[in-house]
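To keep things clear, I will list the structure first and then write my remarks on it.
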Amino acid sequence: MATSRTGSSSSSTTPRSSSSVEEFQQVLNERKRKRMASNREAARRSRMRKQKQLDDLMGQVSQLAHENNQILVNINITTQIYLNIEAENAVLRAQMAELSTRLQSLNEINDFINSNNGVFGYDHPNNYEAAHDHHHHQVNDDTLMNNPWGCFYGNQPLNIASADMIMY
């Protein structure tokens, strides 16, 4: 009898255990399906994040390339302005050197005319009034030959050289 119970109980537990194994298998399969679905969704979200990150980086690359082009344009414009100013400065330096040379020459002429060389009929600048005390001073050919600047003879000294007098 004990055998029959065991036999009957084993026969009754076998169908139950096979159904619980099937239920357990279904639960495992359901969990596996949910996990796979969850993994697929996580992978999809990860791909979307990576795509968004890639799109953002591509946008930054585009923006930085545009900014670089603007900077290059500004550098080119600034370089051109610099070169123009440098060329203008070179012209102004050359003009200044030429005008300085002319001024020096004119000052030398002025110094020569005002020197005490006696060309104008007086030996020293302090004697100028004494040499021109008489009102009827005669200018003869000898005086003009000794004075190449005959137009400055008398009371017309060259004191200041004007840039307006210089012809370019």
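- Atom CD in Gln26 sits 9.5 Å away from atom OG in Ser19 (nearest 0.5 Å).
- From Asn114, atom CG reaches atom CD1 of Ile109 across 12.0 Å, with rounding to the nearest 0.5 Å.
- In this structure Arg47 satisfies the salt bridge (Lys or Arg N to Asp or Glu O under 4.0 Å) test with no other residue, sequence neighbours excluded.
- With sequence neighbours left out, the side-chain hydrogen bond (donor to acceptor under 3.5 Å, both in side chains) criterion links Asn74 to no other residue.
- Atoms CG and CD1, from Asn76 and Ile71 in turn, are 12.0 Å apart once rounded to the nearest 0.5 Å.
- For the side-chain hydrogen bond (donor to acceptor under 3.5 Å, both in side chains) test, residues two or more places apart in sequence or in another chain that qualify with Gln51 are Asp55.
- The side-chain contact (heavy atoms from CB on, under 4.5 Å) test applied to Thr101 returns no partner, not counting sequence neighbours.
- For Arg35, the salt bridge (Lys or Arg N to Asp or Glu O under 4.0 Å) criterion is met by no residue, not counting sequence neighbours.
- Applying the salt bridge (charged side-chain N to carboxylate O under 4.0 Å, His left out) definition to pairs two or more places apart or across chains, those involving residues 56-66 are Lys52-Asp56.
- A salt bridge (charged side-chain N to carboxylate O under 4.0 Å, His left out) check over residues 65-79, counting only residues at least two apart or in different chains, returns nothing.
- Rounding to the nearest 0.5 angstrom, the gap separating the CD atom in Gln104 from the CG atom in Asn107 is 8.0 Å.
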Quiz item: Given Gln53 and Arg49, is the side-chain contact (heavy atoms from CB on, under 4.5 Å) satisfied, shown in steps?
Solution: CA-CA 6 Å; Gln53 186 180 21; Arg49 278 193 308 270; over 6 Å; no
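- Every salt bridge (Lys or Arg N to Asp or Glu O under 4.0 Å) that Arg33 has, sequence neighbours left out, goes to Glu30.
- With sequence neighbours left out, Gln95 forms a side-chain contact (heavy atoms from CB on, under 4.5 Å) with Val91, Leu92.
- Residues passing the side-chain hydrogen bond (donor to acceptor under 3.5 Å, both in side chains) test with Gln70, sequence neighbours excluded: His66.
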Quiz item: What's the verdict on side-chain contact (heavy atoms from CB on, under 4.5 Å) for Met58 and Ser62, showing C-alpha distance, side-chain angles and the deciding distance?
Solution: CA-CA 6 Å; Met58 292 300 288; Ser62 177; over 6 Å; no
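- Arg44 pairs by the side-chain hydrogen bond (donor to acceptor under 3.5 Å, both in side chains) definition with Glu41, not counting sequence neighbours.
- Under the side-chain contact (heavy atoms from CB on, under 4.5 Å) rule, Ile75 has a single partner from Ile77, Thr79, Val73, which is Thr79.
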Let me have the donor-acceptor pairs involving side chains of residues 80-87, under 3.5 Å, with sequence neighbours excluded, atom names and distances please.
| from | atom 1 | to | atom 2 | distance (Å) |
| --- | --- | --- | --- | --- |
| Gln80 | NE2 | Asn84 | OD1 | 3.3 |
| Asn84 | ND2 | Gln80 | O | 3.4 |

